[in-house]
Amino acid sequence: MAMHNQGQMKKSGKRHHPIRWILLIILLLVLLGGAYCGLTFYKEAKQVQAHEQKAISALQSVASQGNVANLINAQGDEGLKKLDSSISTAQSETKAAQTIAHGRLWAFASRIPFLRNDIVNVQGLTDIAHNLAADSLPQFTGIVQGLKGASFSSGNGELNLAPIMATGAKLTSVNASLQTQVAALNKLPQPRIPQIKKANQKASKAILGLSGKINTVTGLTNSLPSLLGVNGARSYLVIAQTSSEARSGGGLVGSVGTLKADKGVITIGAFHANSEFKNWGTVSNLVTPAQCQALVCDGYPWYGHYINDVSVNPNFPDTAALVKQMWNYQGFGDTTADGVISLDPVALQKIIRVTGNVTMGNGKVLTGQDTAQYLLNQVYIDVPVAYQNAYFESVVSQVTKNAFSHMTAKKMLQLADVMTESAQWRHLYVWSFHKEDLSALRQAGVTGEVNQESTVNATGIYNEEMIPSKMDWYIHRATTIKKTGSDPQGATYHVTSVVRNTLSPSVAPTLPKYITLHFDGQSRLRMYIYPPKGGHLSNVRFSNGTTLRSFPLDGRTIYRADPSTLMPGQSVTIDYDVTCAPGSSNLVLDQSPMGIEDPQVTYQY
């Protein structure tokens, strides 16, 4: 009996031995198959990355990294061939990437939980990039190219608004489709694999940059006919701001003039220096108690009292309302302003680069390279104080006339680029008191609103000069915004801004008193820090230990810092953390305009 059982046990052991080997072989095959699939997936991912990089390069070359005006420069057969070649390259490369990303292996990988977000992100990105290259971009470039033969001048200085209106309707259709793709891009799940995340950021930046430019050009094109009086005469107040004496939303207002537009005919009226404005002796009834407390109505600069200081408030619609009220009080003439336009010397410099040099009465030729430096600094050395306001008025008047005369498609698109670039960093504003105009103006990004409910997610750093001087030409600000967290309840960022007085100590005593009041190059800055709409700030610090106070203002809590004194060569560093509202786009900076074109902002997302 014992022998029989032992034999059975031996037979049983022999029966199970092959099964173990089979299982081992199957496991080995699975591992080999997994390794093969993994290697194939890696190779295909590198191929997708290579195709997308070539596509991005082609897309950027179409519009010179978003400069729409350059599309009109595709002159002759050779230029058009290059344009068509770039679009064709973008189409073929995005299609190749799309085909790979939607293959069987990627479909299988998308079912793996820890890979799903990364795979869906890549698939969605290739779809959006191909739709942009195959549909939206060819339509857009076709519309722009179609403007070449259009006549924009009807003679006698009159603009022909018909082609502008027709172009606006076409752009609106293309832009609507494009913005649908942008909305889809913003809804893609966030990748976790570093390589995919980096590629996603690069592709998204290119797509959003180009789509943003097309969106703003569409808004500007649609706003022009109404602004230029296609439905009846329009009248605007034009304010000339000088950022060498800083205010939060621009600079000291040196003069105010008028511009009239009637069916494309532009007329520039007289300008009046700030010294001609009489004060009514009290703060304007347009200024709320909360604004008065936070922005200071009972001390220099006197917000709500004088035309000089209307830009203490960075929210331009409030500034525009104050300007109109103060203008009407003076009795200078027309009191029916339909809107307010603001320009500073940096905006003038950019416009002159498009419209041509301006020769002044003293023989000085203002160019697209030196206008800002001259009007914000050198003019206070070369021109007597009594003649400075007239000098500014002459520049604004000549530049405005040149901008609207001899209009061509190329010039119109160049000016559109200049307006959006200048408005982005607060060198130019356009506000209309007609509600029907605001949608297009907001789309164009020229309204200068701090309080607008929009997709823009911005923190603000604003400053104003506390010493009557022109020292802010020498004040430069360099800011870095670094993303520190991606919590669904609100992304977090750290902001570091260094504000520096760049004047040399040896030069300060040689400057006129009008530039540096005490001949020592001292700047005394009061600064404001604003959170993004729906977000909040924390850990706000100034390196010099200046006192901070918080104030409720227009639905958010802002911080005001006591004045910081900066002698030549000195600097102060501002640090703070930002928590944004859930679902917000990446945080950007809104800041008081400097006297230079480079905003000196670095984003680390």
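Looking at P531 and T557, their side chains never come closer than 4.5 Å, going by heavy atoms from C-beta outward. Inter-residue side-chain proximity for E245 and S469 is flagged as unmet; no heavy-atom pair is nearer than 4.5 Å. At a threshold of 4.5 Å between non-hydrogen side-chain atoms, the residues V296 and R526 count as touching. Here the side chains of D262 and T267 are not in contact, with every heavy-atom distance at 4.5 Å or above. Side-chain contact between M527 and T546 is absent, with no heavy atoms from C-beta onward closer than 4.5 Å. V253 places a side-chain heavy atom less than 4.5 Å from the side chain of V256. T565 has its side chain within reach of Q522: a pair of non-hydrogen atoms, C-beta onward, lies under 4.5 Å apart. Side-chain contact between Y429 and I341 is absent, with no heavy atoms from C-beta onward closer than 4.5 Å.
When only modelled atom types and interatomic distance are considered, D370 and T367 share a side-chain donor-acceptor pair under 3.5 Å. For the residue pair Q570 / N544, no side-chain donor-acceptor distance below 3.5 Å is found, with atom types taken as modelled. Using a 3.5 Å distance cut-off with no hydrogens or angles, the side chains of S523 and E465 do pair a donor with an acceptor. With no hydrogens or angles considered, a side-chain donor-acceptor pair links N377 and Y474 at under 3.5 Å. Under 3.5 Å, the side chains of Y303 and N313 contain a donor-acceptor pair of N or O atoms. For the residue pair S432 / D437, a side-chain donor-acceptor distance below 3.5 Å is found, with atom types taken as modelled. Residues T172 and N222 have side chains that bring a donor and an acceptor to within less than 3.5 angstrom of each other. In the model, Q241 has a side-chain atom that pairs as donor or acceptor with a side-chain atom of S311 under 3.5 Å. Side chains of S235 and D334: a donor-acceptor N/O pair is present below 3.5 angstrom, by distance only. Side-chain polar atoms of R477 and Q600 form no donor-acceptor pair below 3.5 angstrom. With hydrogens and angles left out, the side-chain atoms of S394 and Q398 include a donor and acceptor closer than 3.5 Å.
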Test side chain to side chain donor-acceptor pair (under 3.5 Å) applied to Q291 and D318, step by step: CA-CA 10 Å; Q291 289 175 335; D318 291 334; 3.1 Å; yes
From CA spacing to verdict: salt bridge (Lys or Arg N to Asp or Glu O under 4.0 Å), D417, K213: CA-CA 8 Å; D417 281 324; K213 180 63 71 174; 3.6 Å; yes
Check against side-chain contact (heavy atoms from CB on, under 4.5 Å), K324 and W431: CA-CA 11 Å; K324 182 178 180 178; W431 181 256; over 6 Å; no
Y528 and F551: CA distance, side-chain angles, deciding distance, ring pair (Phe, Tyr, Trp, His ring centres under 6.0 Å) verdict: CA-CA 10 Å; Y528 297 87; F551 297 88; 8.3 Å; no
Side chain to side chain donor-acceptor pair (under 3.5 Å) evaluation trace for Y300 with D309: CA-CA 9 Å; Y300 186 85; D309 302 322; 5.2 Å; no
Derivation and outcome, side chain to side chain donor-acceptor pair (under 3.5 Å), residues N362 and Y387: CA-CA 11 Å; N362 65 346; Y387 299 101; over 6 Å; no
Check against ring pair (Phe, Tyr, Trp, His ring centres under 6.0 Å), Y462 and Y530: CA-CA 8 Å; Y462 312 112; Y530 279 53; 5.0 Å; yes
Y603 and L589: CA distance, side-chain angles, deciding distance, side-chain contact (heavy atoms from CB on, under 4.5 Å) verdict: CA-CA 9 Å; Y603 296 114; L589 181 68; 3.9 Å; yes
Criterion side-chain contact (heavy atoms from CB on, under 4.5 Å) on M419 and L428, from CA distance to verdict: CA-CA 7 Å; M419 288 182 69; L428 176 148; 4.3 Å; yes
Candidate pair T479 and T496, rule side-chain contact (heavy atoms from CB on, under 4.5 Å), full reasoning: CA-CA 6 Å; T479 305; T496 303; over 6 Å; no
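Using a 4.0 Å cut-off between charged side-chain N and carboxylate O, D344 and R426 make no salt bridge. A salt bridge is absent between D577 and K482: the closest approach of a Lys/Arg side-chain nitrogen to an acidic carboxylate oxygen does not fall below 4.0 angstrom. Taking 4.0 Å as the cut-off between side-chain N and carboxylate O, E276 and K278 do not count as a salt-bridged pair. E597 has a carboxylate O that lies under 4.0 Å from a charged side-chain N of R353, or vice versa, which qualifies the two as a salt bridge.
Counting only distance, with no hydrogens or angles, the side chain of N457 and the backbone of S585 share a donor-acceptor pair below 3.5 Å. T516 places no side-chain N or O within donor-acceptor distance of the main-chain N or O of P512, the cut-off being under 3.5 Å. With hydrogens and angles ignored, the 3.5 Å screen pairs a side-chain donor or acceptor of S592 with a backbone N or O of N463. In this structure, the side chain of R560 engages the main chain of A294 through a donor-acceptor pair within 3.5 Å. T221 places a side-chain N or O within 3.5 Å of a backbone atom of V217 that can act as its donor or acceptor partner. When atom types are taken as modelled, the side chain of K350 and the backbone of P345 share no donor-acceptor pair closer than 3.5 angstrom. The backbone N or O of G521 lies less than 3.5 Å from a partner atom in the side chain of N501, making a donor-acceptor pair.
Checking each of L161, L224, I164 against V230 for a side chain to side chain contact (heavy atoms under 4.5 Å, CB included) leaves exactly one that passes, namely L161.
The aromatic rings of Y514 and Y380 sit tilted relative to each other, their planes meeting at an angle between 30° and 60°.
By the neighbour-count criterion of 12 heavy atoms within 6.0 Å, atom CZ of R549 is sparsely surrounded, having that number or fewer from other residues, nucleotides or ligands. Atom NZ of K364 is surrounded by more than 12 heavy atoms from other residues, nucleotides or ligands within 6.0 Å. The number of heavy atoms from other shown groups lying within 6.0 Å of CE (M360) is above 12. Atom NE2 of H406 sits in a sparse spot, with 12 or fewer heavy atoms from other residues, nucleotides or ligands closer than 6.0 Å.
E393 contributes atom CD, which lies 12.0 Å from atom CD of Q388 (distance to the nearest 0.5 angstrom). Y559 contributes atom OH, which lies 11.5 Å from atom CZ of F542 (distance to the nearest 0.5 angstrom). Remark: L375 CG to F392 CZ distance equals 5.5 Å, nearest 0.5 Å. Note that CG of L343 and OG1 of T400 are 6.0 Å apart. Values are rounded to the nearest 0.5 Å. Note: T602 OG1 to I481 CD1 = 9.5 Å, rounded to the nearest 0.5 Å. Expressed to the nearest 0.5 Å, how far CE of M412 lies from CG of L220 amounts to 9.5 Å.
The cationic atom of K513 (NZ for Lys, CZ for Arg) does not lie both less than 6.0 Å from the six-membered ring centre of F519 and within 45° of the ring axis.
Pairs of residues two or more places apart, or lying in two chains, never qualify as disulfide bond (SG atoms under 2.5 Å apart) while including a residue from residues 328-367. Applying the disulfide bond (SG atoms under 2.5 Å apart) test to pairs two or more places apart or on separate chains, those with a residue in residues 287-353 are C292-C297.
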